[in-house]
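Comments concern the structure below.
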Amino acid sequence: MAASLLLVLVVAVTVRAVLFRSSLVDFISERVEVVSPLNSWKRVVEGLALLDLGVSPYSGNVFHETPLILYLFHFLIDYAEFVFMAMDVITAVALYIVADDFNKVVFRKQRIAFEFQKYAPDVITLVRTPKEMYHIPLKVALFYLLNPFAVLTCVAKSTCAINNAIIAIFVLATAKGSAFLSAVFLALAAYQSLYPVALFAPALLYLAQ
């Protein structure tokens with residue numbers, strides 16, 4: 001399975017690298033379907049230019065990103081393409097691990113249910129087998145990495161890719177039962193955008209069980 005995941009990662013990174021070097025990159029980065037004034041790479045570059053000139057990027061109506069993103073790319077702007085591809089890889093690997101852990105939990109619950117004969121005889125055919133679920137983690141990573149919208153978001157260098165990675169790590173930390181890391185990455189996600197606050201209650205319920 002690890003070899004299959006590695007192959008998917010290589011294919012996904014290659015697709016993104018080819019598009020980054022193609023003539024389509026400028027067209028993609030202007031599409032409103034994948035970027036907005038809140039997450040546009042062009043706005044990040046303009047904010048960095050203002051910062052270099054000693055002008056606050058927040059003094060006007062140009063830059064809308066957080067200071068974290070601003071100072072991150074202040075040091076990594078020459079490696080921006082690598083950063084965005086790495087974010088997608090991190091997101092996919094985190095989702096892969098979460099799906100794999102979910103499979104293990106399902107198998108364990110099913111085995112316990114069988115031992116205590118909690119399943120009715122006529123529902124045995126509905127029980128998922130390890131063979132049926134073996135490739136689900138790989139499919140999760142594959143469907144994320146080769147999703148056209150995810151690919152275009154990465155190529156457009158929308159900062160949504162960074163938000164996705166943070167949320168994916170938060171989900172992974174929650175699934176692993178790490179309350180501290182879960183809280184840290186939920187705070188980072190909420191710092192980037194208010195909407196992930198809605199994940200607080202589900203995470204709290206999961207960690208409390």
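Every value quoted in this text rests on a predicted model; they were computed, and no experiment measured them.
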Any Ile162 side-chain heavy atom under 4.5 Å of Asn39 side chain: no
Beyond-backbone contact of Glu65 with Thr159, side-chain heavy atoms, under 4.5 angstrom: yes
Cluster check Val155, Val45: I/L/V/M/F/W/Y, side chain < 4.5 angstrom: yes
Side chain to side chain, Tyr191 and Pro67, heavy atoms closer than 4.5 Å: yes
Modelled atom types, side-chain donor and acceptor of Asp88 and Tyr144, under 3.5 Å: yes
Contact check, side chains of Ser29 and Lys157, non-hydrogen atoms, under 4.5 Å: no
Short N-O contact, Glu30 and Lys42, less than 4.0 angstrom: yes
Residue pair Leu50, Phe63: steps toward the side chain to side chain contact (heavy atoms under 4.5 Å, CB included) verdict: CA-CA 9 Å; Leu50 290 173; Phe63 185 73; 5.6 Å; no
Sub-4.5 Å side-chain heavy-atom contact between Ile167 and Leu199: yes
CZ/Phe82: more than 12 non-hydrogen atoms of other groups inside 6.0 Å: no
Matching residue for Phe84 among Phe73, Tyr79, Phe20 - test: ring-ring contact (aromatic ring centres under 6.0 Å, His included): Phe73
Leu19 backbone acceptor or donor facing Ser22 side chain under 3.5 Å: yes
Note, Val35 side chain near Trp41 side chain (heavy atom, < 4.5 Å): no
Note, Tyr71 side chain near Leu51 side chain (heavy atom, < 4.5 Å): yes
Taking every non-hydrogen atom, the tightest pair across Pro196 and Leu186: O-CD1, 3.2 Å
Rounded distance [0.5 Å steps], CG in Asn164 versus CD1 in Ile169: 11.0 Å
Cluster link Leu38 to Leu68, ILVMFWY, side chain under 4.5 Å: no
Backbone of Pro37 reached by a side-chain donor or acceptor of Ser40 within 3.5 Å: no
Shortest non-hydrogen contact between Ser182 and Ala173, atoms and distance: N-CB, 3.6 Å
Phe149 and Val34: CA distance, side-chain angles, deciding distance, side chain to side chain contact (heavy atoms under 4.5 Å, CB included) verdict: CA-CA 7 Å; Phe149 188 75; Val34 292; 3.9 Å; yes
Where Phe170 and Ala203 come nearest, the two heavy atoms and their spacing: CZ-CB, 3.6 Å
Cluster link Leu7 to Val140, ILVMFWY, side chain under 4.5 Å: yes
From Leu9 atom CG to Leu142 atom CG, the distance as rounded to the nearest 0.5 Å: 10.0 Å
Spacing of OG1 belonging to Thr66 relative to OH belonging to Tyr58, to within rounding of 0.5 Å: 6.0 Å
ILVMFWY network linking Met87 to Val18, side-chain heavy atoms under 4.5 angstrom: no
Minimal non-hydrogen separation, Ala168 against Thr91, with atom names: CB-CG2, 3.8 Å
Ser4 to Leu138 - nearest heavy-atom pair and separation: CB-CD2, 3.6 Å
From Lys176 atom NZ to Leu181 atom CG, the distance as rounded to the nearest 0.5 Å: 12.0 Å
Distance-minimising heavy-atom pair for Ala92 and Ala141: O-CB, 3.9 Å
Side-chain donor/acceptor of Arg16 to backbone N/O of Leu145, under 3.5 Å: yes
Cluster check Leu5, Ile90: I/L/V/M/F/W/Y, side chain < 4.5 angstrom: yes
Short side-chain to backbone donor-acceptor contact, Tyr195 and Ala190, under 3.5 Å: no
Interatomic distance, Leu72 atom CG to Ile77 atom CD1 [nearest 0.5 angstrom]: 10.5 Å
Reported CD-to-CG distance for the pair Gln192 and Leu188, which is rounded to 0.5 angstrom: 7.5 Å
